Amino acid sequence: MDARDRLILGLDVPTVGEAEALIRTLGETVSFYKIGYQLAFVGGLELARDLVRNGKSVFLDMKLLDIDNTVAHGVENVAKMGVNMLTLHAYPKAMRAAVAAAKGSDLCLLGVTVLTSMDAPDLLDAGYDTDPRSLVLKRAEQARDAGMGGIVCSAEESSAVRSVIGPDMALVTPGIRPAGSDAGDQKRVVTPGDAIRNGSSHLVVGRPIIKASDPLAAAKSILDEMALALSA
C-alpha cells in the first residue's frame, strides 16, 4: 500500500451534502473515507453505498457492542454493503460473534481498544483499574486470538500493539494531528509520520483536513509526510 491507500478521511460533518462537497474537493487525492455516527444518522449509510459503487474504500465506524446474536446479524448486513472496514468494541464475545458472521466476506473487522479521547483518569471513572496502555495491549491480544482483521488504538501504543498482533493485521490509528495543530478533544495524539514509523497501517484524519482553509492542500501535506515516513 502507498500513502493514499493508508489515509482514511473521517467524514465527521453534519450533513451528507457537506460530505459530498468535501469528497468532490478532494477528488482522486483521497480514496478512503470513514463514516461514523454523526453522518450515519442523516443518510451516511446510503452515502457509504454510493462511495463503494464509485470505487472508493469505506470504513464504517459503528463501534458495535451488543449480545452475540445482534452483533452477528449486524455484521452480516454490513458485509453485504461491500464496505472495507467495520469497528466493534474489543470485547471477546462480541468479536468472536462478529468474526463468525463475517466469514467468507472481504470485510475487515477492527477491534476498538481504548478511545483516543480517554486517559488514565477517564478509565478509572469508567470502572477500569488499569492504565490505557495495559488495557490496549490486553484487548489487542484478545482481538488477535478472536481472528479479527485489525485493531484501532492510539499511535502512542501502535509500536507495542504491532509486537502483539504481528505484521499482518491492520493497525488503524485515529487521533492524528500534524505538528502544531490543535489536539481538540483528543488526549493521545501523534503526527502522521510518527504514526507510520510506529507501525500503523492506516491513519484516520478528520479535523486537520476538514477544518483546514484548504482541505485539499492539507490532505496532500499529510500524504507527503506519510510517504516520507514510508520511504525511510
Side-chain angles (χ1 to χ4, degrees), residues 1 3-52 54 56-64 78 81 83-89 108-118 150-156 158 170-178 181-196 200-223 225-226:
M1 296 185 294
R4 184 170 172 269
D5 300 314
R6 297 170 181 266
L7 175 63
I8 303 175
L9 189 284
L11 289 172
D12 301 319
V13 294
T15 68
V16 168
E18 290 177 65
E20 290 174 335
L22 183 61
I23 292 164
R24 287 193 297 271
T25 295
L26 297 172
E28 294 303 310
T29 299
V30 175
S31 63
F32 210 147
Y33 290 94
K34 176 183 79 73
I35 293 175
Y37 291 148
Q38 182 180 15
L39 200 58
F41 297 138
V42 290
L45 297 183
E46 279 308 310
L47 175 61
R49 293 184 175 92
D50 290 341
L51 287 169
V52 170
N54 290 326
K56 300 290 189 181
S57 297
V58 176
F59 166 17
L60 283 187
D61 190 17
M62 297 291 101
K63 298 184 181 71
L64 301 182
V78 170
M81 293 174 63
V83 302
N84 303 79
M85 290 178 167
L86 171 70
T87 52
L88 59 149
H89 281 289
C108 178
L109 296 171
L110 302 172
V112 176
T113 54
V114 177
L115 300 176
T116 52
S117 62
M118 299 182 72
I151 288 294
V152 180
C153 70
S154 165
E156 285 188 355
S158 57
L171 207 169
V172 181
T173 51
I176 301 298
R177 294 291 184 271
S181 63
D182 182 14
D185 60 356
Q186 301 294 318
K187 295 180 178 178
R188 289 158 36 244
V189 299
V190 171
T191 66
D194 284 343
I196 292 294
S200 299
S201 64
H202 298 77
L203 311 188
V204 179
V205 182
R207 280 166 283 187
I209 295 175
I210 292 171
K211 299 297 184 182
S213 58
D214 186 341
L216 180 58
K220 288 180 177 178
S221 177
I222 290 171
L223 285 167
E225 184 176 344
M226 293 169 64

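Atoms considered below: every heavy atom in the structure, side chains included; atoms not considered: hydrogens, waters and symmetry mates. Owing to the predicted nature of the structure, the values given are computational and were not obtained by experimental measurement.
- Of the options L110, L109, V58, a side-chain contact (heavy atoms from CB on, under 4.5 Å) to L86 is made by L109 and by none of the others.
- Looking only at distances, a side-chain donor or acceptor of S200 sits under 3.5 Å from a matching main-chain atom of A195.
- Of all non-hydrogen atoms in L45 and M81, the two that sit nearest each other are O-CE, 3.8 Å.
- Residue I176 forms a side-chain contact (heavy atoms from CB on, under 4.5 Å) with just one option from V204, T191, L203, and that option is L203.
- Using modelled atom types, no side-chain atom of K56 and backbone atom of D50 make a donor-acceptor pair closer than 3.5 Å.
- Of the possible donor and acceptor atoms, one in the side chain of T25 sits under 3.5 Å from a partner among the backbone N and O of A21.
- Between F59 and V172, the closest heavy-atom pair is CE2-CG1, 4.2 Å.
- Rounding to the nearest 0.5 angstrom, the gap separating the CG atom in N84 from the OG atom in S57 is 4.0 Å.
- Rounding to the nearest 0.5 Å places OG1 of T87 at 11.5 Å from CD1 of I151.
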Please tabulate, one pair per line, all N/O donor-acceptor pairs under 3.5 Å involving side-chain atoms of residues 8-20, not counting sequence neighbours.
residue, atom, partner, partner atom, Å
D12, OD1, K34, NZ, 3.2
T15, OG1, E18, N, 3.1
T15, OG1, E18, OE2, 3.3

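- When all heavy atoms of A48 and V83 are compared, the pair lying nearest together is CB-CG1, 4.5 Å.
- Within the model, atoms CD1 of I209 and CG of L7 stand 5.0 Å from one another, a figure rounded to the nearest 0.5 Å.
- The CG atom of L171 lies 10.5 Å from the NE2 atom of H202; values are rounded to the nearest 0.5 Å.
- For the pair L22/P215, a side-chain contact is recorded, criterion being any heavy-atom separation below 4.5 Å from C-beta on.
- Using a 4.5 Å cut-off on side-chain heavy atoms (C-beta onward), L51 and I23 make contact.
- Residues Y33 and L26 meet the side-chain proximity criterion, which asks for heavy atoms closer than 4.5 Å.
- The shortest side-chain heavy-atom distance between R4 and M226 does not fall under the 4.5 Å cut-off.
- The heavy-atom pair separating R6 from S201 by the smallest distance is CG-O, 3.1 Å.
- When side chains are defined from C-beta on, S154 does not count as touching V114, because their heavy atoms never get closer than 4.5 Å.
- Once rounded to the nearest 0.5 Å, the distance linking CG of D61 with CG of L88 reads 10.5 Å.
- In terms of heavy atoms, V112 sits closest to L115 at CG1-CD2, 3.8 Å.
- Across all their heavy atoms, P208 and I222 have their closest contact at CB-CD1, 4.5 Å.
- Not a single donor-acceptor pair under 3.5 Å links the side chain of T173 to the backbone N or O of C153.
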